[in-house]
Every structure is written in structure tokens, then in C-alpha cells.
Amino acid sequence: MVDGVRHYDAIVIGAGLSGLVAAGLLAEAGARVYLIAKGGGFLHFTSGCVDVWGDGTPNPRASVTRVSRELPNHPYARAGTESLEKGVAFFSHVMADAGYPFEGSLDRIRLMPTAIGSVRATCLTPATMSAGDLVDTAPTLIAGFSNYRDFYPPYLAANLRRQASINVTGAYLDLPHLHGRKHLLSTDLAHDFGNAQFREEVGRNVRRILGGAERVGFPAVLGGERAQEVSTHLQTLIQSSVFEISTLPPSVPGIRLHTILRRSLTRRRVRVEIGFWTGGRIVGTRAESLVVRSAGHETTYTADCFVLATGGTGGGGIRAFPDGRLQETVFDLPVRGPNDRNAWARAEFLSADPQPYSEIGLGVDARLRPLDRSDRAIENVFVTASNLPGWDPVRERSGEGVALATGWRVAREALDLLGLRSESTPVTARAQS
């Protein structure tokens, strides 16, 4: 720190999946990294799986290749297929290293049940969910808890019978441990499943109603970060395959991802702060500093490069005003998109054509650097995921895939700028200021 100014090699702004991955990759290669975010990102609201492309085609990699060819402004086209592969590999490594492995590949979709009994296509799932892949038609029991209001096993099973044509039943477990407790949250049950005695109680109840079922589905509440251990114990108790089904927020699998990624940053000596920035400073075509307000005072941070992973319109990275004006909230960079708020969406939300709001985002060059009002690239700023136009994560079911692809790509670009090798063997990061 010099004259009240703290300097880092890289500042990552935002704690969603793309920001966490970019910060991890930068630190792994030896960069001194500071991550600042206004909150915990969006992972708490996700399924905890990795969606890459959900149009129903069986091969996500082929779909991404096609999209990259046909839609040159899509983030997949800008980041490149290699970035997706490398981003997925890094993410999978971090998860496996934490004892929470993911399964699947870019070459085959997985058909997973949802909490309402619909079928959703995804790409990679935690191992705790894998036995629920509906490509397998084994007889199934869905088990739930009557005082957990977001999961209705008989309703879920009835919908699955119609949509997936499998032999599935649903039942509530009567557990003395939960008597007298009302309106349980996912996080409450995850805490309970961390207790071995509770799991034994669950196992006894399931065995009584198992019948001919060969696998048992639970809401995705099988413990916190030790979910793989909890799942293995339940399988031993029940003598049947066990799997989790994604639930409504708060998403325990999403919380697991956020916790594991944050902890991996701590191990790599990344400084992480939850605070508020009052603005960044650009001089010419180079970003120089970021002012952060926290604990009642302001601190100026400088860096050799910056990563904008602020979440676009949904995460506060792009602000929309009543008059239709759009503003990027860190460096006040120009935002592209419809000026008329009434033109942001079509009347039919699930239209076959992309919604106009999908075109809202920052103009970038081939290296994912934002463009100023004169279409000049800001040479040391890189943009990820939801700050980019040309895609609709809800319609495409591509959110995690784009986050991993752009997170990996901007980290590589930033490391090139810093003169560090992104492909080198991980090294211990230098001490943080």
C-alpha cells in the first residue's frame, strides 16, 4: 500500500460463478488478486448443476459449436469452445478437490427431474444427483417431508410418470425428529442431514416404504459441503441408490458451490471483500483505479487489470432508469441495447425468438475488452457473462456454461497482459497486500 492506495495485479468485481472462476485462475497462476462484490452472487438461486445448452439436442458440445458458428455475437462465439472446455475442467477440478465431485461431459445431456416433476436437460451434475438421470428408467421412490413446503413427492411423482414414463411413487417420511417443526427451509434440512442419527432415522423410514424401488430421490438438502459423504451413508443405510432433486431457493447445492469456490480463493490468498464501490476511473483507454466504500470509509485500489463480472441487469452491473437509459455501474462504460423500456420484451415471454433485452450489454472487442464511446477498447478491463449482450440464459439454459467459458477466457487474457502463463503448473500466489 502506497499513500493510502492499495495495488493488486488484478481486481475482480463480482462474486458470481464467472468472477469466482476468473479470480481462482488468476491467483493459481501467481497473480495478486482482490475480489470485491456487493453480495454473494447468484449461485444461491441456481440448481447447482452446470447448464451448457438446453435446446433438447443430445450433445451440448455440438450445440455450442453450432451456436458459435451461427451467432457470432453470442458469448460462446466470443469466448471460444476451448474456453468452455478449460473452464469446465477447472471448475470440475476445484469441486473434486473439495470432495464434491461433478459427473457428466460436454458430449451428452443429462435429463434430471425438477421439484415439480418436469424434466430438465443439463450437462454436469454433482455426484449426489447423478443417480437421478432419467435416461435410467429404474423404479424410483421420491421421499419428502410434510413440513418442508417446497417439495411435494406425490405431485412430483405423478408428473414424472406422465413425462418420463417411469415407475415412480412419492411419499412423505414421518420423522419424530421433525415433529413440532413447521415451515422448514432447505438450509434447515441440510443442517439436520449433517447429523448421523437423523440420517439413520431417515434410513429406517425409507426402508419401510421402499418396496421395489431401486433408487430414492430426496430434495437437494443432503447436508452442506459434505453432501457426498451424507449421500454415501444414506445409500448404505437404505441399500439403494440415492439422489438429490434441485429445489426452489435457497438452493443448498448452489450454496455449496459458492462456499467451495470462496474457500478455494482463500487458499490461494485472494482477498475477498463484500462492500460497495463508488466508481472506477479510466484515463484514456486504460482503467486506473476503483474506490470502495466499506466500514465507514473509502479506499482506493489500483490494479494492472480489472475483470467486470458484475452480473449485468440482473446483478446490478447495468442499471436501468425509468427513461430507458442504461448505465454500467463501475466505470460508466456505454451500454448497448434498446432505448425504449417498452421494447425490451415481447408479449410472449417464451417466444421462439430471443427477447430484445438479451441484446443489452457492453460492446466488446475480440479479447472481451469493453469499448468506450469512441469504440476504442479499454485495454486492461475484461468483461464476463451477463454483462455481455447476445444471449438469453433463461431461454437457452446456458448460464453456467457461459460463466465458465467467459471466466476462463478473461482470466487467460488478463494473465497475458500481466505476463503470467495461464497454462503453467499452479504456483503459490505471492503474499497479498
Side-chain angles (χ1 to χ4, degrees), residues 15 17 20-21 24 40-41 43-50 88 90-104 110 112-113 115 122 124-133 141-145 147-148 150-151 173 175 177-178 181 184-207 215-268 272 400:
L17 182 57
L20 294 170
V21 166
L43 284 170
H44 294 55
F45 300 91
T46 69
S47 67
C49 302
V50 174
V88 165
F90 176 77
F91 170 84
S92 299
H93 169 74
V94 172
M95 293 298 123
D97 191 51
Y100 187 60
F102 270 63
E103 297 180 353
R110 293 187 157 212
M112 308 304 296
T122 190
L124 279 74
T125 62
T128 57
M129 294 185 185
S130 293
D133 191 343
L141 169 67
I142 306 297
F145 313 91
N147 38 3
Y148 176 51
D150 293 334
F151 194 85
L173 302 181
L175 303 177
H177 183 90
L178 299 180
R181 297 170 62 183
L184 289 171
L185 296 176
S186 301
T187 47
D188 297 327
L189 282 169
H191 181 268
D192 288 327
F193 269 103
N195 184 315
Q197 291 182 335
F198 179 76
R199 296 197 294 270
E200 290 168 0
E201 187 178 335
V202 169
R204 288 192 298 270
N205 275 264
V206 171
R207 285 198 303 271
R215 58 182 176 178
V216 181
F218 291 94
V221 296
L222 301 186
E225 295 169 74
R226 295 169 54 201
Q228 184 61 43
E229 178 183 325
V230 171
S231 177
T232 300
H233 186 208
L234 280 174
Q235 290 182 125
T236 301
L237 293 170
I238 299 169
Q239 291 298 294
S240 177
S241 297
V242 166
F243 65 93
E244 294 185 293
I245 300 172
S246 296
T247 65
L248 297 175
S251 164
V252 171
I255 293 171
R256 292 170 193 155
L257 298 190
H258 184 266
T259 302
I260 290 169
L261 289 166
R262 279 283 301 269
R263 183 168 293 130
S264 75
L265 296 186
T266 300
R267 288 201 306 270
R268 292 176 171 87
V272 178
E400 290 80 17

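Only a predicted model underlies this, so the values are computations on that prediction, with no experimental measurement involved. Quick note: numbers below take in every heavy atom, side chains included, and nothing from hydrogens, waters or symmetry partners.
Using a 4.5 Å heavy-atom threshold, the side chains of Met95 and Leu257 count as touching. Residues Cys49 and Arg110 are not in side-chain contact: their nearest non-hydrogen atoms beyond the backbone lie 4.5 Å or more apart. Residues Leu261 and Leu17 meet the side-chain proximity criterion, which asks for heavy atoms closer than 4.5 Å. With contacts defined as side-chain heavy-atom distances shorter than 4.5 Å, the pair Val272/Thr266 does not qualify. Asp188 has its side chain out of reach of Tyr148: every pair of non-hydrogen atoms, C-beta onward, lies at least 4.5 Å apart. Inter-residue side-chain proximity for Leu20 and His258 is flagged as met; some heavy-atom pair is nearer than 4.5 Å.
Across all non-hydrogen atoms, the minimal contact from Phe193 to Val230 is O-CG2, 3.7 Å. The shortest heavy-atom contact between Leu184 and Arg181 is CD2-NH2, 3.4 Å. Nearest heavy atoms, Ser92 versus Leu124: OG-CD2, 3.7 Å. Summarising the geometry of Phe45 relative to Pro249, their closest heavy-atom pair is CD2-CB, 3.8 Å, with the distance given to 0.1 Å. Looking at every heavy atom in both residues, Phe102 comes nearest to Val50 through CE2-CG2, 4.1 Å. In terms of heavy atoms, Pro253 sits closest to Met129 at CG-CE, 3.6 Å.
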task = Could you walk me through whether Asp133 and Met112 pass side-chain contact (heavy atoms from CB on, under 4.5 Å), step by step?
result = CA-CA 5 Å; Asp133 191 343; Met112 308 304 296; 4.2 Å; yes

key: Verdict with supporting geometry, Phe151 and Ile245, side-chain contact (heavy atoms from CB on, under 4.5 Å)   = CA-CA 10 Å; Phe151 194 85; Ile245 300 172; 4.0 Å; yes

query = What's the verdict on side-chain contact (heavy atoms from CB on, under 4.5 Å) for Thr122 and Ser47, showing C-alpha distance, side-chain angles and the deciding distance?
reply = CA-CA 10 Å; Thr122 190; Ser47 67; 5.6 Å; no

message = side chain to side chain donor-acceptor pair (under 3.5 Å), that's the test. Do Ser251 and Thr46 meet it? Break it down for me.
response = CA-CA 6 Å; Ser251 164; Thr46 69; 4.9 Å; no

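Separation of atoms CG (Asp192) and OG1 (Thr187) is listed at 10.0 Å; rounding is to 0.5 Å. Going from atom CD1 of Ile142 over to atom CZ of Phe243 covers 4.0 Å, rounded to the nearest 0.5 Å. Taking NE2 of His93 as the start and OG of Ser264 as the end, the distance is 9.5 Å to the nearest 0.5 Å. With rounding to the nearest 0.5 angstrom, the CD atom of Glu201 is 9.5 Å from the CG atom of Leu173. Taken from OG1 in Thr128 to CD in Glu103, the straight-line distance is 9.0 Å, to the nearest 0.5 Å. Atom CG of Leu248 sits about 11.5 Å away from atom CG of Leu185, to the nearest 0.5 Å.
In this structure, His191 places its NE2 atom where only 12 or fewer heavy-atom neighbours from other residues, nucleotides or ligands lie under 6.0 Å away. Heavy atoms from other residues, nucleotides or ligands lying under 6.0 Å from CD of Gln239 number more than 12. Within 6.0 Å of CZ on Arg207 lie more than 12 heavy atoms contributed by other residues, nucleotides or ligands.
Using modelled atom types, one side-chain atom of Gln235 and one backbone atom of Val242 make a donor-acceptor pair closer than 3.5 Å. A donor-acceptor pair is defined here as one N or O able to donate and one able to accept, closer than 3.5 Å; no such pair exists between the side chain of Asp97 and the backbone of Val94. Formation of a donor-acceptor pair under 3.5 Å by the Asn147 side chain with backbone atoms of Leu178 is found in this model. Side chain of Thr232 to backbone of Gln228: a donor-acceptor contact under 3.5 angstrom is found.
In this structure, Phe218 and Phe145 have parallel ring planes: the angle between them is below the 30° cut-off, well short of the 60° mark.
For the side chain to side chain contact (heavy atoms under 4.5 Å, CB included) with Tyr100, the qualifying choice from Glu229, Arg256, Glu225 is Arg256, the only one to do so.
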